[in-house]
Chemist: 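Okay, handing you the structure first.
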Amino acid sequence: MRKTMSFKKYLIYAAYSFISGFILASGITLYTAAYTGSNIFYIQSAGEIKTVFLVILWMIFSLMLFLVFKLRKSVYRCSIPLSLFIFSMLSLWNVKSQYPYFYIVLAATVIGATLVYKEIFHDRRINFLKGKGLYITVLIMTTAMTSILTMGNIVRMYTFNSSTFDFGLFAQMYESMATDFSQNTTLERNELLSHFAVHFSPIYYLLLPFYMIFRRPEFLFAAQAAVCFSGIIPVLLLCKRWKYREGVTLLISAVFLCYPAFTGACFYDFHENVFLVPLILWLLYFTEKNSNIGMCVSALLLLCVKEDAGLYIIFIALYALFNKKIRKFNAVCLLLTGVFGFISVTAFINAYGEGIKVSRYDIFLYGNQSSLTDVVINVIKNPAFFFSKLLNENKLVFLLQMFLPLLFIPMRSRRLSDWLLIAPLILINLATDYTYQSDIGYQYVFGTGAILIFLFVKNLRYSKTKTKVAAAAFMASAICLVGHNMPKYRYIDRLAGNGGDYYAAARQVLSEIPRDKTIYASTYLTPFLFDCKEVYMYPPIYNKQLTGLDYVILDSRGADETEFSTLIRDFEDDGYEIVNNQTFITVLKLKENK
């Protein structure tokens, strides 16, 4: 009987070894195909698929590995989800375009393969994570992710793919802040204007002392990644408060660092919304802790991020109000802070600036209506119309990208207080036809993503196998991260070889432009003219087209040759002459007699 059981065990092991070997070999094949320039979605010949040899190699390796661990179920059954995870990473690593459905399906498959087994990823203590080991490991991971994001954004800038919106204008604004402490910029609306007229964001001054040290636009990329990932501190404190073991805490930290909503939004150049991530997490932590001072400081800083930040405070206050463990006095004070803060900041923007961006909710307005009050009244009058606009195909994909890496755990609650925290995602990301707000590649997910991370950390407590669930969430987050972000690192290839000299020559052309002149420049050139006081974007998006400027600097990439030649002739007819025409940059200067 024992021999029969032993033979059956070896037979099961052989099956697991073969399946995991085939999965890994397929992943390596796809990785190799993409690395050599083929698109894995268009492999047309069976001769390009060579997995047999790789399967045999992996089976030999897994035989040695499993025998060392005495063929325990917890070991060889881990091979399937881990093989699928590695397969997913390999197949996505060199893909040049984003395929959301593809990486969502891969992530869902890995989640299913992980959760189906009861014996894998047990809750065990890990020796090297005891004491300071956990925090040192998390610090290394955070530093690595910050460096990777910073490098990716700098390479993107150096290949002239960072535009006026939203980088050139902030690079110029920070130089203005460093010069005279103002937030003046000529790029945001193609006229000299304070950024306060567009958004109420005094939070930017927190980075000014550090900017003064480096005084380069590249610093802003590093600062944005660092600010975003500084949210790991309240995440760790929340894990400690809810008494998670070191291994679970490490996996939760990895989920936070890999969460595709944060990493994707960090690639959209630079934006004040990134401060929402740490500040919302700090506010929620201090709310859970019933810390009056912490709640007050976090809420006030949150109001300094942007005019709509008060909405987050209001819903967090409502969450606190319906939470039995949080003092009602604290919740009421927080609610009043959010309401009066939102009203005050809104009044400031309406009086001294361009007003709240109600246009993004135009679908809920009609006739001559133009106020946020009209939006609210219309939604109350016709809630059916409101709900009909919440979902479409793109928004469903967006919800999968937001919730799948967290295994939908933020929704695993029957408490009304938890569901109140989902409301900002509905109002900010779904209840609008402004497509950028329901896209993880833009800054509108920083705040709602922070809330979902909080709910993930909180509701993970209800899982019986926390390590396994956290491991599945980490693998899903990592897959979505690679699937969404890796195509953005393709700019590294453009800097390789002669490409580096090509773009360096273009940057040299821009560095020779006099900084005290008035300049017209194409959108992808303005970040390199950040220290020019009067640089305007061409063609203008806002306000009228300008004339009589000292220099016109044009980017010929992607332009029709005939149309570009016509444009040059038009400027020459207006009194300009070409003074530099290297690489893809054409510099025209106003003739002296003009």
Side-chain angles (χ1 to χ4, degrees), residues 31-39 92-98 143-168 170-172 174-175 211 213-226 263-264 266-270 441 481-482 484-515 519 521-532 535 537 551 553-559 561 564 578-588:
Y31 172 83
T32 305
Y35 182 77
T36 55
S38 301
N39 189 322
L92 292 169
W93 195 261
N94 286 316
V95 172
K96 304 301 182 183
S97 300
Q98 293 177 354
T143 303
M145 284 299 296
T146 302
S147 302
I148 291 170
L149 270 181
T150 302
M151 179 196 70
N153 275 296
I154 290 176
V155 169
R156 185 167 173 264
M157 175 190 171
Y158 281 6
T159 54
F160 291 82
N161 285 282
S162 291
S163 62
T164 298
F165 298 94
D166 280 341
F167 188 67
F170 289 122
Q172 187 193 37
Y174 261 95
E175 189 62 20
Y211 178 81
I213 297 172
F214 299 98
R215 204 73 180 255
R216 290 290 304 172
E218 293 91 333
F219 162 77
L220 299 180
F221 293 127
Q224 175 163 262
T263 55
C266 277
F267 260 105
Y268 184 54
D269 295 323
F270 183 78
L481 162 70
V482 172
H484 188 268
N485 277 16
M486 280 308 297
K488 299 179 181 181
Y489 283 87
R490 67 185 185 277
Y491 301 114
I492 294 177
D493 296 335
R494 299 184 185 181
L495 285 181
N498 295 331
D501 296 334
Y502 177 73
Y503 287 110
R507 294 194 297 272
Q508 180 63 32
V509 169
L510 296 178
S511 69
E512 295 172 356
I513 302 296
R515 267 35 195 173
I519 303 167
S522 298
T523 184
Y524 292 108
L525 308 182
T526 59
F528 299 94
L529 301 169
F530 70 99
D531 50 352
C532 299
V535 56
M537 192 179 82
Y551 284 87
I553 311 174
L554 301 175
D555 180 353
S556 63
R557 294 175 303 170
E561 187 175 341
F564 190 76
I578 296 176
V579 294
N580 200 324
N581 194 19
Q582 296 183 41
T583 63
F584 53 87
I585 296 177
T586 300
V587 179
L588 299 102

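Residue numbers count from 1 along this sequence.
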Chemist: Answer yes if the ring centres of Y491 and Y158 are under 6.0 angstrom apart, and no otherwise.
Modeler: no
Chemist: Mark yes or no for whether S522, through its side chain, and Y524, through its backbone, hold a donor-acceptor pair below 3.5 Å.
Modeler: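 No: the side chain of S522 does not pair with the backbone of Y524.
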Chemist: For the pair D269 and F170, evaluate side chain to side chain contact (heavy atoms under 4.5 Å, CB included) and give the outcome as yes or no after the intermediate values.
Modeler: CA-CA 9 Å; D269 295 323; F170 289 122; over 6 Å; no
Chemist: Does anything in residues 495-505 pair up under salt bridge (Lys or Arg N to Asp or Glu O under 4.0 Å), and if so which pairs, sequence neighbours excluded?
Modeler: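 Sorted result for residues 495-505: empty, none.
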Chemist: Below 4.5 Å, heavy atoms only, C-beta onward: do I553 and I585 meet side chain to side chain?
Modeler: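 In contact.
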Chemist: Considering non-hydrogen atoms only, spot the tightest contact between T526 and G168 and give its length.
Modeler: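 Where T526 meets G168 most closely, the heavy atoms are OG1-CA, 3.9 Å.
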Chemist: Would you compute the distance between atom CD1 of I154 and atom CG of L220 and round it to the nearest 0.5 angstrom?
Modeler: 10.0 Å
Chemist: Let me confirm one number: the NZ-OG1 distance from K488 to T263, rounded to the nearest 0.5 Å.
Modeler: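 Reported value, rounded in 0.5 Å steps: 7.5 Å.
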Chemist: Hey, is the main chain of A226 close enough, under 3.5 Å, to the side chain of T146 for a donor-acceptor pair?
Modeler: no
Chemist: Taking all non-hydrogen atoms of both residues into account, name the closest pair between S162 and P527 and its distance.
Modeler: O-CG, 3.2 Å
Chemist: Tell me the closest heavy-atom pair linking L92 and M486, and the distance in Å.
Modeler: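 That closest heavy-atom pairing would be O-CB, 4.2 Å.
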Chemist: Within this structure, what is the OH-CG distance for the pair Y503 and N161, rounded to the nearest 0.5 Å?
Modeler: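 Interatomic distance, Y503 OH to N161 CG, rounded to 0.5 Å: 6.5 Å.
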Chemist: Strictly distance-based, threshold 3.5 Å: is any side-chain N or O of N153 a donor or acceptor partner for the main-chain N or O of C266?
Modeler: yes
Chemist: Could you go through the side chain to side chain contact (heavy atoms under 4.5 Å, CB included) check for M151 and I492 one step at a time?
Modeler: CA-CA 9 Å; M151 179 196 70; I492 294 177; 3.9 Å; yes
Chemist: If you take all heavy atoms of G441 and Y268, which pair is closest and at what distance?
Modeler: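 Shortest heavy-atom separation between G441 and Y268 comes out as O-CB, 3.3 Å.
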Chemist: If you take all heavy atoms of P217 and M157, which pair is closest and at what distance?
Modeler: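 Minimum heavy-atom contact is CG-CE, 3.8 Å.
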Chemist: Given ring pair (Phe, Tyr, Trp, His ring centres under 6.0 Å), test Y489 with F267 step by step and report yes or no.
Modeler: CA-CA 10 Å; Y489 283 87; F267 260 105; 5.4 Å; yes
Chemist: Using a 4.5 Å cut-off on heavy atoms from C-beta on, say whether the side chain of T583 contacts that of F160.
Modeler: no
Chemist: Please find the pair of heavy atoms, one from D531 and one from R515, that lie closest to each other, and give the distance.
Modeler: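 So the two residues come closest at OD1-NE, 2.9 Å.
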Chemist: Got a second to check how far Y211's OH is from E175's CD, nearest 0.5 Å?
Modeler: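 Reported value, rounded in 0.5 Å steps: 4.0 Å.
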Chemist: Please work out whether the ring planes of F270 and Y174 are parallel, tilted or perpendicular, with thresholds of 30° and 60°.
Modeler: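 Rings of F270 and Y174: perpendicular, over 60°.
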Chemist: What's the spacing between F167 CZ and Q172 CD if we round to 0.5 Å?
Modeler: 12.0 Å
Chemist: Working to the nearest 0.5 angstrom, can you tell me the gap between N485 CG and Q98 CD?
Modeler: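 If I round to the nearest 0.5 Å, the distance is 7.5 Å.
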Chemist: Step through the shown structure and confirm whether more than 12 heavy atoms of other residues, nucleotides or ligands are within 6.0 Å of CD on E512.
Modeler: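 Atom CD in E512 is packed in, count exceeds 12.
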Chemist: Between T586 (side chain) and N581 (backbone), is there a donor-acceptor pair under 3.5 Å?
Modeler: no
Chemist: Run the side chain to side chain contact (heavy atoms under 4.5 Å, CB included) test on L481 and M145 for me, step by step, so that the C-alpha distance in whole Å, both residues' side-chain angles and the decisive distance to 0.1 Å come before the verdict.
Modeler: CA-CA 11 Å; L481 162 70; M145 284 299 296; 4.2 Å; yes
Chemist: Report yes if the side chains of K96 and P487 come closer than 4.5 Å at any heavy-atom pair, otherwise no.
Modeler: no
Chemist: Determine whether F528 and I513 make a side-chain contact, defined as any pair of heavy atoms from C-beta on separated by less than 4.5 Å.
Modeler: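 No, too far: nothing below the 4.5 Å cut-off.
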Chemist: Please evaluate residues F221 and R156 with respect to the criterion side chain to side chain contact (heavy atoms under 4.5 Å, CB included), reporting the C-alpha separation (whole Å), side-chain torsions for both, the decisive distance (0.1 Å), and the verdict.
Modeler: CA-CA 11 Å; F221 293 127; R156 185 167 173 264; 5.7 Å; no
